[in-house]
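Start at 1 and go down the list; that is how both ligands and their atoms are numbered.
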Amino acid sequence: MGGSKVLVIGGGGREHALCLGLFQSTAVSKIYCSPGNAGTAIIASNVDLKNNANLAVIDFCHREAIDLVVVGPEAPLCASLADELAKAGIPCFGPVGILANLEGSKLHAKQVMHKVGVPTADFVVLNADSDIAAALKSYSNNPWVIKRDVLAGGKGVVVTTDYTEASNFIESAIASDGKVLLEQFLPGEEASMLVVMDGSGYVCLPSSQDHKRAYDGDMGPNTGGMGAYCPAPIVTESVFKRVDEQIINPMFDYLSSLETPYRGVLYVGLMITDDGSPNVVEFNVRFGDPECQITLPLIKTDLFQVLMHAATDRIAELNVEFYNAHALTVVLASEGYPSKPVKGKKITGLDISIPNIDVGCKWINFAGVESQGKAMISSGGRVLSCSAMAISLQDAANMAYELISEISLEGSHYRRDIGDKGL
Ligand code: AMP
Ligand code: GLY
């Protein structure tokens, strides 16, 4: 076993996936996770660093001689955690604050896409002086797409054909943020491209597809993501080529020309129109959740090496290899999720042994789970996800669904159609 110590920031399913990947690395001797969850506690030491405030994290890194910090969620990145770690000389997987703005501000992301020539939907910015009725009229052929310009924890976008809902959302966003974006609706199928990038180059991880609506058939309210699979067949070789040429390569050229290059993962949320044209619906500056849970296992190369190389501008030196396999995960959500999740319920049937993730394996990614003595208790909207990796997508789906059928949580729900679009 190697001697590197890693601190993972965050406490959801994504961070459990990162810890599981790092746990399998021969270069890692110790993993800390702040704040972590009941799953990370099995393979890492959970620590509570005051909501991951910059100073508390830096202090901890010095005290424990941390070699690499891996930041899961966007909020600490937008709060310039990577900037402070760079000043302290500690490698960080995750971009500096000004670049995290690609996720923190939809308007900034649009301005960058415009400058770089990346295909995306047209938009207008509305403020207190705007004629909202006229703007809605001019975008009225399709559902209205309205986006707040702040980090809103997944609640910042409304896609609706209901005039009253659209205009109320616009008015309340302007009242709280001063402005809001009204965007052209793009019809098509969504996919996620996670790109590990630094100043030396970039590596595209296999594409994936999330399921954002709460219920089967893409019905019901938007959620953080109810399940995902990887790779996504919608991203054919020719679509990938266009994504690379029209989006990722120009973004890399732009980001690597800046004073501090982008070091981390750039999440490219794509809408692929019927003719195979890729458009960007969003950038995130972190791994997707639950996309992370099924993308990392397909990386054959040691995960620590991938993350450490990107944190230190050496990704171009690494030959990153992938399994020729499929992975799929199904999220188990609490009763009432996403609007009013019921928490504090006992979960039974959980396998808490440490998985050796490989082709043919199924495992649980813990998210909103805390342990109370020997009991496992739900503590979030998305509680856990059941994942599997197999040679075929159908086998991965069968295994993940078999695993989730063994788990009981009163009132919980999950989608039965994860992966159907790929099958
Ligand atoms: P965002 O946070 O920007 O990814 O938006 C959340 C969700 O809204 C996306 O995953 C899409 O399902 C949908 N969406 C966002 N922008 C558009 C658009 N221009 N056209 C159609 N759907 C969109
Ligand atoms: N699964 C969507 C996201 O992480 O933003």
Side-chain angles (χ1 to χ4, degrees), residues 10 12-15 17-18 71-75 77 100 102-110 113 118-124 139 141-161 165-166 169 173 180-194 205 207-214 218-230 232 234 264-274 277-296 329-331 333 338 365 367 381-382 385 415 418 421:
R14 167 182 51 211
E15 288 74 25
L18 284 161
V71 185
E74 64 282 8
L77 296 168
L102 280 176
E103 176 165 357
S105 163
K106 300 268 187 203
L107 179 56
H108 173 71
K110 284 285 193 192
M113 285 189 256
V118 163
T120 186
D122 287 338
F123 72 102
V124 285
Y139 277 77
N141 289 336
N142 284 303
W144 289 288
V145 179
I146 305 153
K147 299 187 175 183
R148 289 183 64 193
D149 193 35
V150 292
L151 276 187
K155 297 202 169 72
V157 177
V158 158
V159 180
T160 182
T161 50
E165 189 189 3
F169 189 74
V180 70
L181 278 68
L182 175 63
E183 180 170 312
Q184 176 206 353
F185 177 83
L186 295 167
E189 200 172 322
E190 285 184 78
S192 311
M193 281 292 310
L194 307 181
L205 306 184
S207 61
S208 53
Q209 195 166 52
D210 188 10
H211 297 64
K212 288 197 170 142
R213 300 288 184 146
D218 291 332
M219 305 299 278
N222 251 316
T223 70
M226 294 297 291
Y229 65 103
C230 179
I234 176 83
V265 61
L266 182 67
Y267 170 127
V268 185
L270 293 167
M271 185 69 79
I272 298 162
T273 51
D274 289 345
S277 303
N279 284 271
V280 173
V281 284
E282 65 169 337
F283 285 127
N284 293 322
V285 296
R286 49 164 178 85
F287 286 107
D289 186 346
E291 290 95 324
C292 182
Q293 286 86 315
I294 40 79
T295 306
L296 295 188
T329 195
V330 185
V331 170
N365 286 108
R382 289 189 293 175
S385 72
R415 280 182 61 159
I418 304 300
K421 280 187 204 152

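The shortest N or O to N or O distance between Asp289 and ligand 2 is below 3.5 Å.
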Between ligand 1 and the protein, tabulate every N or O atom pair separated by less than 3.5 Å, reporting distance only.
from	atom 1	to	atom 2	distance (Å)
ligand 1	2 (O)	Lys106	NZ	3.1
ligand 1	2 (O)	Glu282	OE1	3.4
ligand 1	3 (O)	Lys106	NZ	3.0
ligand 1	3 (O)	Lys147	NZ	2.9
ligand 1	3 (O)	Val281	O	3.4
ligand 1	4 (O)	Glu282	OE1	3.2
ligand 1	4 (O)	Glu282	OE2	3.0
ligand 1	10 (O)	Glu190	OE1	2.6
ligand 1	10 (O)	Lys212	NZ	2.9
ligand 1	12 (O)	Glu190	OE1	3.3
ligand 1	12 (O)	Glu190	OE2	2.5
ligand 1	16 (N)	Lys147	NZ	3.0
ligand 1	19 (N)	Glu183	OE2	2.8
ligand 1	19 (N)	Gln184	O	3.0
ligand 1	20 (N)	Leu186	N	2.8

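Using a 4.0 Å cut-off to heavy atoms of Asn284, the atoms of ligand 2 that qualify are 5 (O). Close approach to Asp210 involves these atoms of ligand 2, each under 4.0 Å from a residue heavy atom: 1 (N), 2 (C). In the vicinity of Gly288, heavy-atom distances shorter than 4.0 Å reach the ligand 2 atoms 4 (O). For ligand 2, the atoms closer than 4.0 angstrom to any heavy atom of Gly224 are 1 (N), 2 (C). Near Arg286, meaning under 4.0 Å from one of its heavy atoms, ligand 2 places the atoms 3 (C), 4 (O), 5 (O).
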Check the pair Glu183, Lys147 against salt bridge (Lys or Arg N to Asp or Glu O under 4.0 Å), reporting the backbone distance first and the verdict last.
-> CA-CA 8 Å; Glu183 180 170 312; Lys147 299 187 175 183; 3.3 Å; yes
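Among all heavy-atom pairs drawn from Arg148 and Phe169, the shortest one is CG-CZ, 3.8 Å. Summarising the geometry of Thr120 relative to Asn279, their closest heavy-atom pair is N-OD1, 3.7 Å, with the distance given to 0.1 Å.
Contact annotation: the side chain of Pro73 approaches that of Arg14 to within less than 4.5 Å [non-hydrogen atoms, C-beta and beyond]. When side chains are defined from C-beta on, Ile418 does not count as touching Thr329, because their heavy atoms never get closer than 4.5 Å. For the pair Asp218/Lys421, a side-chain contact is recorded, criterion being any heavy-atom separation below 4.5 Å from C-beta on. In this structure, Val124 and Tyr139 have side chains that are in contact, with non-hydrogen atoms separated by less than 4.5 Å.
Side-chain polar atoms of Ser208 and Glu291 form no donor-acceptor pair below 3.5 angstrom.
If you look at Tyr267 next to ligand 2, the close heavy atoms, those under 4.0 Å, all belong to the side chain.
Looking at Met219, Met226, Arg415 one by one, the single match for side chain to side chain contact (heavy atoms under 4.5 Å, CB included) with Arg213 turns out to be Arg415.
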